[in-house]
Each structure stands twice: as C-alpha cells, then as structure tokens.
Amino acid sequence: MVHFVGAGPGAPDLITLRGAELLKTADVVIYAGSLVNPALLALCPAGCEIHNSAEMTLEQVLSVMEPAERAGKSTVRLHTGDPCLYGAIREQMDALDALGIPYDDTPGVSSFCGAAAAARAEYTLPGVSQSVVITRMAGRTPVPERESIAAWAAHGASMAIFLSAGMLEGLQAELLKGGCAPATPAALVYKATWPEEQVVRCTVGALAASGREHGISKTALVLVGNFLDPDYQRSKLYDPSFATGFREASR
Ligand code: SAH
C-alpha cells in the first residue's frame, strides 16, 4: 500500500503521530527533498529504501511504487506541509487507481499554519476578516484569471500566498492593483518552524524592498491582511454576554 503523508512545515516534531508511525514501518520512502526536513528520515527503519522526489518525474515515482507494491511493501510518499496543497497528489492517486494500487492520505500541518504560529497571528479576527485565501502568483504553473492576486486582494480577506517569494515585485503590484492600500500589513515568513525561521513584518507597499533587504526569495509564505494589525474586536464565543451550547450568558 502507498501512504501519502504530510511531513508538516519543517520542525520534525510537527509530523502527526500517525505519519511518524507510518515512517517507522516503511519499506520504501519517497520524500519531497526540496522542502521536507531530512531529519524526519531518521524515523525510517534500517534498510528502508529512500528516494528524493525532487530529482524524479511522476513516471519515476510510479516506477518505484509499482514494484514495491508487487513485493507487498509499505511505501510512504512524504510531502511537505499537508499533501492537499500544491502537493501534486491527485495525479499520483489517479495513476495508482489505474494501476489498482491502494493508498491512503495522512494529513500534515500546512506551512500556512506554521507561518501563522511563527507570526503569532490569527487569520480569522472578528471585525477584520473571517476568511483565508490560500493562493499563489502565476508562475510556470498558470493561475485562472478569475483567481488572480488582484481579484483576491479586492476582497480584503486574510491571504496566505504560497510559491511567490521569488516574485515579490509582481506580487506587490498585483496586490496594489486589486485595491490593497500600500499601508496594509504584510509579513514574509521564511522557513516557518525551521531553526532558521524568520518573520519579516512590513506593508504591502514595502513587500519587494523587504524581501530584498532580508534576502528572502524562496521557501517563504507571504501573509497579507489587516489580521496582522493590532486592531480587532474580541470574539463572541468567549464574550460573557454571549450564550453558547456549552455556557449560559451572564448579564
Ligand atoms: N503542501 C505544502 C505547500 C507546498 S508548495 C504546505 O501545505 O505547506 C511549496 C511552498 O510552500 C513554498 O514555496 C513556500 O511558499 C511554502 N512553504 C513550505 N514550507 C514552508 C515553511 N516552512 N515556511 C514558509 N513557507 C513554506
């Protein structure tokens, strides 16, 4: 069987208990070497066959999975963060379906959660925003026009922008084009939860300059929105005058 596993954002103790158990009992591991912390591979048993998918095509990945399955082995396909975001797992699952190979998926802590933790931030603040847009700039992989950064920026929702730290000039221009005020708070979060983690707070108008100044051009998330501002309303859930299914309101 093939197990897709989310490795988490970097710190090796942020993998789930289930993911760690699957690594400990794996015969074959194919890990996304560009972003998965190699320290996680220390969990693999002696003799485990390890492949770095950063150097492989989809066909090569499948050519490792197929004989492993025929030999009755357990294969872990280790993706960074959670596999459901920019993980290219759908094409692997479809190919496994076609080959009749069973698989399952163990979620992980996505880097947008790791980045919020690093920035000590909450995306969903009452009176500020109750939605998070997870998106990216168009690069070699296109993004549908209706999902352009400018289109999302017009909503004023909290944004976690992946795969775009190398395009900060363009990103800044798109955000401004969409109506983001230049003073809108932003943060560049580099390698969230890794020892070299860096949180650079700035504004949308200073995104590109801040990236240049701190030498951040990859392995970073760009957070944008007023949720990074100190101003918000407190939650209804913990308000004494607000009754919930678990608690009566006081007067
Ligand atoms: N599935 C992953 C995302 C893979 S796409 C997840 O759920 O997080 C790769 C992009 O994720 C990188 O370009 C970067 O924007 C972001 N990323 C991954 N790990 C990160 C980390 N530790 N800190 C900041 N950004 C990270």
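Just so you know, ligand 1 is whichever comes first in the structure, and atom 1 is the first atom listed for that ligand.
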Taking C-beta and beyond as the side chain, do [X] and [Y] meet within less than 4.5 Å on heavy atoms?
X	Y	result
Glu91	Leu58	yes
Gln60	His51	no
Val64	Met56	yes

Report the C-alpha separation of Glu169 and Arg212 in whole Å, then their side-chain angles, then the decisive distance to 0.1 Å, and conclude whether the salt bridge (charged side-chain N to carboxylate O under 4.0 Å, His left out) test is met. CA-CA 10 Å; Glu169 298 275 354; Arg212 269 196 308 275; 2.6 Å; yes
Between CZ of Phe162 and CG of Leu221, what distance do you get to the nearest 0.5 Å? 5.0 Å
When you look for protein heavy atoms under 4.0 Å from ligand 1, which residues do they belong to? Pro9, Leu35, Thr80, Gly81, Asp82, Leu85, Tyr86, Ser110, Ser111, Phe162, Leu163, Val189, Lys191, Ala192, Trp194, Thr219, Ala220, Leu221
According to ring-ring contact (aromatic ring centres under 6.0 Å, His included), who are the partners of His155, at least two apart in sequence or on a separate chain? Trp152
